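Since the structure is predicted, the reported quantities are computational estimates derived from the model, not experimental observations.
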Amino acid sequence: MNRIIIIFLMSLSCFIGMSIFGPVVLATYEIKLDNVNVMPIDKRIQNRHSLTNKPVELYGPVDEKVFFYEVKTEAKKDENKVVFFLKHSELLIEPSAVTFSIDDETVQSVSLKKSELTNKVVIPLTKEALSKGFHTVTVSFNGVLKEGICVNQETRSNWLTIGTDSYIQLHSQKTEDVSLLDFPIIFSAKQGQSVSVIIPDKPSLETRSAGSAIAAFLQSKSEDAKSVKVVRESNVNVIAGNFIVVGSQSEFQTAWVKTLITEANVSFPDKGLLLSRHRLNEHAESLFILVKSAEQFKGRVDILLDESFRNQLTGQQMVITSTPKIDKTNGLISLKKFGMSNLTFDRANRETDTYFGYAPPSWNAKPTLELLLRRSDTLKPRNSKEDKELAGEDVELVVHINNVPYSVDIRELSEEENDVFTVQIPIEEGTIQENHLISLRIEVNGLRRKNPCYSTNENRWVYLSEESYFTFHEGDSTSEKTLNSFPYPFSDPSQPTKVILPTEKEVTDGDLTTLISSLTGFGQVPIIELFEGNYFNESDAENSHLIFLGGVDSQPILKSNEEDLIVPYKANLPDFHSFGFLQEAVQQYSWIQENPWSKKGHAMLVFDTAGPEAKVINERFLESLTNLNEASTVAIQTKENHIYTNSNDFKIDAGSVKVASISDSKSSFMNSSWWMVGFGILILAVLVLLIVVKRKRLKGKENM
């Protein structure tokens with residue numbers, strides 16, 4: 001009976017899986033094509049992973065940093081290593097040293113000498129260090145500036161720096177377990193290695209949108225974002241790295257792509273979206289993202305960009321037929337979603353890296369951060385003076401949110417449950433800006449003893465749980481449409497955003513990818529819907545956010561509704577004089593306002609150029625918009641790449657953003673001829689009134 005039940009449950013599971021992801025078709029993983037020029041990838045680069053994206057500074061007398069790496073499958077025993085590039089203070093003397101440990105086993109120590117201020121340290125990985133699973137590499141720094149009793153070694157001049165060129169190299173891991181779960185790691189660009197998203201020569205708007213969204217997502221996961229590019233099929237002369245093919249059946253025209261698809265033994269699904277992973281000519285990894293009709297991309301590309309769905313991908317190939325709904329945030333964001341893991345702060349590990357995340361679209365002005373902490377018994381409060389001296393200095397945990405510090409006295413923690421302390425930190429209004437970006441860094445001060453004459457083995461530590469979280473209460477976010485909120489609301493995945501391409505200006509695939517990258521927020525890349533300006537009408541503009549690439553000269557719907565635009569136009573040219581901008585200096589410009597065709601308060605953003613030589617999408621201009629601090633509705637970039645806004649010349653009135661009028665001497669009422677006319681009328685009225693009053697008095701006297 002048990003066997004029958006097990007068989008039934010397995011069959012039911014297969015049926016459910018087939019209904020969600022579609023049938024699995026056998027495909028060829030290894031593809032060999034003679035007519036495709038594949039440049040062999042330098043294995044040293046391919047298997048090389050950077051340890052840090054910013055310099056790591058360690059300070060003496062004792063400090064350490066822990067790095068992590070994962071061995072997914074059995075690796076060959078040759079050419080596996082960790083390489084560190086170090087710099088240190090010229091004031092260090094013997095016995096200053098740096099020690100390296102693999103999985104808490106000491107493997108090597110290097111002395112730090114004044115004669116050699118830079119060091120390259122190569123640590124071979126062997127035996128247990130190559131076993132399947134996660135491993136740690138610990139760098140321990142012991143810095144000595146001056147020998148003697150009670151010498152204070154804890155100064156800023158006692159330092160060691162781990163360079164960004166440090167890396168770990170794992171060669172030739174076996175690939176029998178081919179899985180889509182390796183996306184996006186295997187298709188993220190490393191230093192010196194490119195990744196291409198290949199789309200048809202004449203892609204549909206849906207294919208362009210999907211290709212650019214995938215490329216933007218991979219850029220956010222890459223060490224070298226600029227090495228991820230969207231390429232048209234005819235422009236591929238040589239494959240110089242891993243690549244992804246995106247498109248529908250009728251769109252591909254080149255012989256090499258058609259042959260590639262045939263040799264891979266994949267077919268375009270009648271329903272849904274095909275994901276299939278392959279290796280080409282033993283050198284390049286590839287991923288096919290194919291549909292029979294371009295409309296089938298809608299709602300399914302999101303699965304590759306959302307972590308909860310990506311983690312469900314399995315095997316070499318899947319057909320995704322469902323369009324699952326992405327859950328909206330419930331107002332709770334754990335530190336784990338920021339990329340943090342459980343942390344133990346001690347005398348060597350005193351601060352975290354800086355992590356980034358986004359507040360949910362609907363949030364209150366005063367969110368709360370709730371920390372779940374443990375502390376060592378040695379950090380309990382002490383009462384007597386002697387106890388305080390033995391216990392050492394006070395210990396303070398500092399949370400930096402968007403560079404605003406919030407402090408917690410560790411010794412004063414009192415409310416605990418199962419040895420876990422819960423600390424609520426109210427976040428001041430204004431700490432989290434309108435673009436909803438949150439930078440987060442945590443440090444603990446006081447775990448080191450500053451008295452050089454006092455030595456102890458006392459263990460002092462603070463443990464922070466990754467399940468600590470921000471709480472955001474549901475509510476309407478600001479209704480004001482201002483540029484300092486960019487990329488919000490266009491980055492909100494729960495609301496539709498439409499991008500309208502210009503009729504007279506070119507927007508390349510790279511430009512489109514740059515735009516989508518700038519809209520990345522809330523932990524994912526939003527899927528935008530593309531439209532051609534010539535075919536975009538008022539019904540298309542309803543109930544969604546709009547981004548127009550080009551102004552009234554290349555967007556017919558804007559031309560026919562000039563009276564609704566906050567930027568006035570004269571002969572198809574924007575008039576910036578009223579905003580205090582020098583017309584001749586403007587090269588790029590943008591403005592934000594309410595979508596005039598929407599009744600639900602959606603926003604409209606316009607990007608354009610003041611000259612034919614400039615591109616509509618400018619990466620530097622987009623970066624500047626994401627860093628605006630003051631509320632504004634109009635921004636320009638000059639030919640010298642300087643940014644100016646109308647932040648001083650507009651006011652917020654009754655929930656709507658209005659441009660404040662700027663007084664002009666030629667148009668001022670006080671300086672016009674009407675002022676003289678008005679003054680003359682006023683004098684005449686006063687004279688008439690005096691005459692009437694005087695006559696009434698005389699008449700009154702005559703009647704007496």
Verify whether one side chain among [X] and [Y] offers a donor that lies under 3.5 Å from an acceptor in the other.
X: S204; Y: E251; result: yes
X: E396; Y: S407; result: yes
X: N646; Y: T633; result: yes
X: T431; Y: Y406; result: yes
X: K600; Y: N595; result: no
X: E223; Y: S50; result: no

With D553 via salt bridge (Lys or Arg N to Asp or Glu O under 4.0 Å) - residues at least two apart:
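Scan of D553 (salt bridge (Lys or Arg N to Asp or Glu O under 4.0 Å), adjacent residues dropped) gives none.
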Between [X] and [Y] (side chain of the first, backbone of the second, donor and acceptor by atom type, cut-off under 3.5 Å), is there such a pair?
X: S209; Y: L205; answer: no
X: D509; Y: R208; answer: no
X: S196; Y: F243; answer: no
X: N561; Y: D564; answer: no
X: E233; Y: D201; answer: yes

Decide if the gap between the ring center of Y589 and the ring center of F576 is smaller than 6.0 angstrom.
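Ring-ring flag for Y589/F576: true, centres closer than 6.0 Å.
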Answer yes or no: is there an ion pair linking [X] with [Y], defined by an N-O contact shorter than 4.0 Å?
X: E351; Y: R441; answer: yes
X: E619; Y: K226; answer: yes
X: D540; Y: K498; answer: no

Is the CD atom of E613 crowded by more than 12 outside heavy atoms at less than 6.0 Å?
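Atom CD in E613 is packed in, count exceeds 12.
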If you draw a 6.0 Å radius around CD in E563, do more than 12 non-hydrogen atoms from other residues or ligands fall strictly inside?
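Buried by this count: over 12 neighbours within 6.0 Å.
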Walk me through it: do E370 and Q424 pass the test side-chain hydrogen bond (donor to acceptor under 3.5 Å, both in side chains)?
CA-CA 4 Å; E370 188 158 313; Q424 291 187 342; 2.8 Å; yes
From Q587, K615, Q588, K505, residue fulfilling side chain to side chain donor-acceptor pair (under 3.5 Å) relative to T609:
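Output: one option passes, namely K505.
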Side chain to side chain donor-acceptor pair (under 3.5 Å) partner of Q219, chosen from S517, S188, S227
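That would be S517.
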Using 30° and 60° as the class limits, which term best fits the ring planes of F338 and F470: parallel, tilted or perpendicular?
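Plane angle between 30° and 60°, so tilted.
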When you compare the side chain of S598 with that of E542, does any pair of heavy atoms fall below 4.5 Å?
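No, every pair of side-chain atoms sits at 4.5 Å or beyond.
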Verdict with reasoning, L622 to F607, per side chain to side chain contact (heavy atoms under 4.5 Å, CB included):
CA-CA 10 Å; L622 289 171; F607 290 103; 3.6 Å; yes
Sequence-distant partners of H545, ring pair (Phe, Tyr, Trp, His ring centres under 6.0 Å), two or more places apart:
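By the ring pair (Phe, Tyr, Trp, His ring centres under 6.0 Å) rule, H545 matches F490, H602.
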